[in-house]
Amino acid sequence: MNLLITGVTIADPNSQFNQKKCDVRVEQGIITAIGANLKEAKDEQVFDGSGSVLSPGFFDLNCSIGDPGFETKEDIQTATAAAKAGGFTGIAVLPNTRPVVHSKAEVEYIINRAKGSLVEVLPIGAVSRDMEGKELAELYDMQQAGAVAFSDGGKSITDDGFMSRALQYAKGFNGLLMVYPENKSIAGKSQVNESKTSVLLGMKGLPALAEEMHISRDIFLATYHDAPVHISNISTSGAVALIKKAKKDGVKISCDVAAHHLVFTEDLLNDFDSNYKVKPPLRAKSDVRALLAGLKDGTIDAVGSQHRPHEIEHKDVEFEIAAYGIIALQTVLPLLIRAGLDAVQIAEKLAINPRALLGLEVPVIQEGRVANFTVYNPSEEWVYDSKSNFSKSSNSPLLNKKLTGKVQLVYNNKQIQSYG
């Protein structure tokens with residue numbers, strides 16, 4: 001479908017039109033013209049982009065779906081529907097399914113199930129078989145089948161020797177390990193941030209130390225093997241400081257942060273709302289300030305959704321037994337706007353850097369390039385409710401809330417989806 005977007009502001013630091021107000025024409029999936037006052041052509045859909053931003057299509061590094069095995073939480077169809085509505089034209093999905101994505105058979109299953117979608121669905125293979133941290137999974141075979149990275153999802157790799165061997169093996173074929181940072185022996189069964197709030201709530205606190213010790217170990221191993229490692233979902237000021245120093249020292253380390261950790265703090269747990277129960281837990285305001293500073297100075301490479309769908313029976317229970325995680329694909333953009341990121345920063349952290357980390361082609365808003373973009377209005381308000389929620393699950397503290405920042409249109413794979 002041919003498309004003309006008029007009067008839109010482009011946000012793409014890789015484009016010569018960055019921060020300029022332009023008209024953009026797409027023909028047969030290719031951006032054919034960018035300029036001022038382009039004339040409408042025959043059989044062309046026209047979209048008024050006044051007040052809106054056009055960015056390279058968002059890409060999520062950290063998404064869980066239930067397919068295969070847990071389709072009652074989320075299947076590929078509902079995950080891609082939620083992703084589109086959130087402005088994502090690509091998602092990397094974690095291997096925590098049943099069966100676990102630990103061989104090329106599961107990788108091929110996901111790729112084939114998502115084939116032809118507007119949203120590209122790229123599998124992340126498990127580092128270890130069944131994500132048990134004992135035996136290496138078929139990393140090379142999975143990469144050849146289409147896996148873009150390797151992770152044990154929300155499970156930290158506790159065995160130092162195993163992690164060392166995994167890094168060394170993955171280095172041989174340029175594989176990237178994406179690890180969740182938590183020292184389990186320190187974390188124990190704690191569920192909230194260790195602070196005055198945890199004392200007031202009468203719950204065992206999870207110290208920042210558990211995250212930071214684990215990151216320190218991975219920095220040492222990455223240094224020793226001269227191998228890349230990606231730290232997923234950092235949440236503490238100490239983690240930012242460790243990674244900043246490691247980057248300065250030349251360690252091949254990268255990291256991401258979940259959008260909700262840039263806005264939500266532990267104070268929101270006072271009412272024991274299980275929809276705020278996430279892992280790592282919500283931290284202090286000082287941690288949020290450090291994470292935002294780390295985003296802006298380049299210490300933190302990317303923002304992820306940390307989308308974790310759950311059936312209602314796993315969330316509508318007492319806080320201590322509730323499952324971790326929230327659905328988040330549709331709320332990342334409003335949270336980043338609330339956190340104060342501008343359009344160029346959003347494009348960099350949500351579209352460009354995630355793909356660059358995985359070695360994927362990065363879309364550029366330029367004439368002659370394949371069209372892969374998101375159009376959103378940063379000031380438009382909308383209500384996130386059961387009608388606008390495209391996920392199969394509803395575990396979000398933002399449900400039935402008014403949000404600012406609305407995705408209006410996404411384009412990829414010669415397909416267009418608009419939202420009124």
Next on the checklist: Can a donor-acceptor pair be found, under 3.5 Å and without considering hydrogens, that links the side chain of Ser305 to the backbone of Leu329?
Outcome noted: no
Checklist entry - More than 12 heavy atoms of other residues, nucleotides or ligands under 6.0 Å from NZ of Lys21: is that the case? => result no
Item to check | Neighbour count above 12 (heavy atom, 6.0 Å) for Phe272 CZ | outcome: yes
Checklist entry - Taking it one step at a time, do Leu221 and Val229 satisfy side-chain contact (heavy atoms from CB on, under 4.5 Å)? => result CA-CA 9 Å; Leu221 290 175; Val229 64; over 6 Å; no
Item to check | Heavy-atom check, side chain of Pro13 versus side chain of Ile352, under 4.5 Å | outcome: yes
Next on the checklist: Side chains of Ser391 and Asn389 only: does a donor on one sit below 3.5 Å from an acceptor on the other?
Outcome noted: no
Checklist entry - Side chains of Ser52 and Gln408: is there a donor and an acceptor less than 3.5 Å apart? => result yes
Checklist entry - Do Glu212 and Thr236 have side-chain N/O donor and acceptor atoms under 3.5 Å apart? => result yes
Item to check | Shortest non-hydrogen contact from Val119 toward Lys84 | outcome: CG2-CG, 3.2 Å
Next on the checklist: Would you compute the distance between atom CG of Asn377 and atom CH2 of Trp382 and round it to the nearest 0.5 angstrom?
Outcome noted: 13.0 Å
Next on the checklist: Quick check against the 3.5 Å criterion: does Glu367 have a side-chain atom that pairs as donor or acceptor with the backbone of Ile34?
Outcome noted: yes
Checklist entry - Can you check whether Thr97 reaches Asp67 side chain to side chain, under 4.5 Å on heavy atoms? => result no
Checklist entry - Are more than 12 heavy atoms from other residues, nucleotides or ligands located less than 6.0 Å from atom OH of Tyr384? => result yes
Checklist outcome for this item: When rounded to the nearest 0.5 Å, the distance separating CZ of Phe373 from CD1 of Ile365 is 7.0 Å
Checklist entry - Does a side-chain N-to-carboxylate-O contact under 4.0 Å join Asp385 and Lys401? => result no
Item to check | Flag for Gln306-His260: side-chain donor and acceptor within less than 3.5 Å | outcome: yes
Next on the checklist: As an exercise, state the distance from CD of Gln417 to OG1 of Thr80, rounded to the nearest 0.5 Å.
Outcome noted: 10.0 Å
Next on the checklist: Test salt bridge (charged side-chain N to carboxylate O under 4.0 Å, His left out) on Lys349 and Asp301; report intermediate values, then the result.
Outcome noted: CA-CA 6 Å; Lys349 303 298 183 180; Asp301 300 273; over 6 Å; no
Checklist entry - Gln415 side chain to Gly116 main-chain N or O, any donor-acceptor pair under 3.5 Å? => result yes
Next on the checklist: Taking the basic N atoms (NZ, or NE/NH1/NH2) and the acidic carboxylate oxygens, is any pair closer than 4.0 Å for Lys285 and Glu266?
Outcome noted: no
Item to check | CA sep, side-chain torsions, deciding dist, call: Lys315, His310, side-chain hydrogen bond (donor to acceptor under 3.5 Å, both in side chains) | outcome: CA-CA 7 Å; Lys315 273 294 190 178; His310 290 294; 5.9 Å; no
Next on the checklist: Could you check whether any side-chain N or O of Lys104 sits under 3.5 Å from a backbone N or O of Ala147, counting only pairs where one atom can act as donor and the other as acceptor?
Outcome noted: no
Next on the checklist: Check whether Ser151 reaches the backbone of Gly153 with its side chain - one donor and one acceptor, N or O, closer than 3.5 Å.
Outcome noted: yes
Next on the checklist: Has Glu182 got a side-chain atom pairing as donor or acceptor with Ile157's backbone, closer than 3.5 angstrom?
Outcome noted: no
Checklist entry - With distance as the sole test, does Asp43 use its side chain to make a donor-acceptor pair with the main-chain N or O of Asn2 at under 3.5 Å? => result no
Item to check | Member of Ile91, Leu360, Val107 meeting the side chain to side chain contact (heavy atoms under 4.5 Å, CB included) criterion with Leu122 | outcome: Leu360
Next on the checklist: Show the nearest heavy-atom pair for residues Thr6 and Asp23, with the distance to one decimal.
Outcome noted: CA-OD1, 3.3 Å
Checklist entry - Can Ser103 and Glu138 be counted as having a side-chain donor-acceptor contact under 3.5 angstrom? => result no
Checklist entry - Can you tell me how far the OG atom of Ser418 sits from the CD1 atom of Ile416, to the nearest 0.5 Å? => result 6.0 Å
Next on the checklist: If you count heavy atoms of other groups shown closer than 6.0 angstrom to CD of Gln77, is the number above 12?
Outcome noted: no
Next on the checklist: I need the minimum non-hydrogen distance between Met178 and Ala149, along with the two atoms involved.
Outcome noted: SD-CB, 3.5 Å
Item to check | Ring geometry between Tyr140 and Phe173 (parallel below 30°, tilted from 30 to 60°, perpendicular above 60°) | outcome: perpendicular
Checklist outcome for this item: For Leu206 and Ala187 the tightest heavy-atom approach is CD1-CB, 3.1 Å
Item to check | Minimum side-chain heavy-atom gap Phe70-Lys73 below 4.5 Å | outcome: yes
Checklist entry - Is the backbone N or O of Asp267 less than 3.5 Å from a side-chain atom of Asn270, with the two atoms forming a donor-acceptor pair by type? => result yes
Item to check | Heavy-atom side-chain contact between Glu120 and Asn413 under 4.5 Å | outcome: yes
Next on the checklist: How long is the straight-line distance from CD1 of Ile124 back to CG of Leu94, given to the nearest 0.5 Å?
Outcome noted: 4.5 Å
Checklist entry - Regarding Lys277 and the six-membered ring of Phe319, is the cationic atom NZ or CZ under 6.0 Å from the ring centre and inside 45° of its axis? => result yes
Next on the checklist: Restricting to non-hydrogen atoms, name the atom on Leu54 and the atom on Ile5 that form the minimum distance, rounded to 0.1 Å.
Outcome noted: CD1-CD1, 3.7 Å
Next on the checklist: Under 3.5 Å, is there a donor on one side chain and an acceptor on the other for His102 and Ser128?
Outcome noted: no
Item to check | Sole candidate of Leu358, Leu357, Thr89 that passes side chain to side chain contact (heavy atoms under 4.5 Å, CB included) when paired with Phe59 | outcome: Leu358
Checklist entry - From Leu292 CG over to Asp287 CG, what is the distance, rounded to the nearest 0.5 angstrom? => result 11.0 Å
Checklist entry - Sub-3.5 Å donor-acceptor pair from the side chain of Asp12 to the main-chain atoms of Asn14, do we have one? => result yes
Checklist entry - Would you say the ring centroid of Tyr276 lies under 6.0 angstrom from that of Phe264? => result yes
Item to check | Greater than 12 external heavy atoms within 6.0 Å of Asp297's CG | outcome: yes
Checklist entry - Would you find more than 12 non-hydrogen atoms of other residues, nucleotides or ligands less than 6.0 Å from Asp316 atom CG? => result no
Checklist entry - Does the pair Asp75 and Thr78 meet the rule for a side-chain hydrogen bond (donor to acceptor under 3.5 Å, both in side chains), with working shown? => result CA-CA 6 Å; Asp75 57 35; Thr78 57; 3.0 Å; yes
Item to check | Over all atoms of both residues, closest heavy-atom pair of Val257 and His261 | outcome: CG2-CB, 4.0 Å
Checklist entry - Do other residues, nucleotides or ligands put more than 12 heavy atoms under 6.0 Å from the CG atom of Asp271? => result no
Checklist entry - Do you see a donor-acceptor pair shorter than 3.5 Å between the side chains of Asn96 and Arg308? => result no
Checklist entry - Is a side-chain donor or acceptor of Asn233 paired with a backbone partner of Ala258 at a separation under 3.5 angstrom? => result no
Checklist entry - Using 4.0 Å as the upper bound for N to carboxylate O, is an ion pair formed by Glu211 and Arg283? => result yes
Checklist entry - Side chains of Ser254 and His230: donor-acceptor distance under 3.5 Å anywhere? => result yes
Checklist entry - For Asp218 and Ser216, does a side-chain donor sit closer than 3.5 Å to a side-chain acceptor? => result no
Checklist entry - Are the charged groups of Lys392 and Glu74 less than 4.0 angstrom apart, N to O? => result no
Next on the checklist: Does Glu313 have more than 12 heavy atoms from other residues, nucleotides or ligands lying within 6.0 Å of its CD?
Outcome noted: yes
Checklist entry - Arg25 and Glu44: salt bridge (charged side-chain N to carboxylate O under 4.0 Å, His left out), yes or no, with the steps? => result CA-CA 9 Å; Arg25 170 168 283 130; Glu44 186 172 58; 2.6 Å; yes
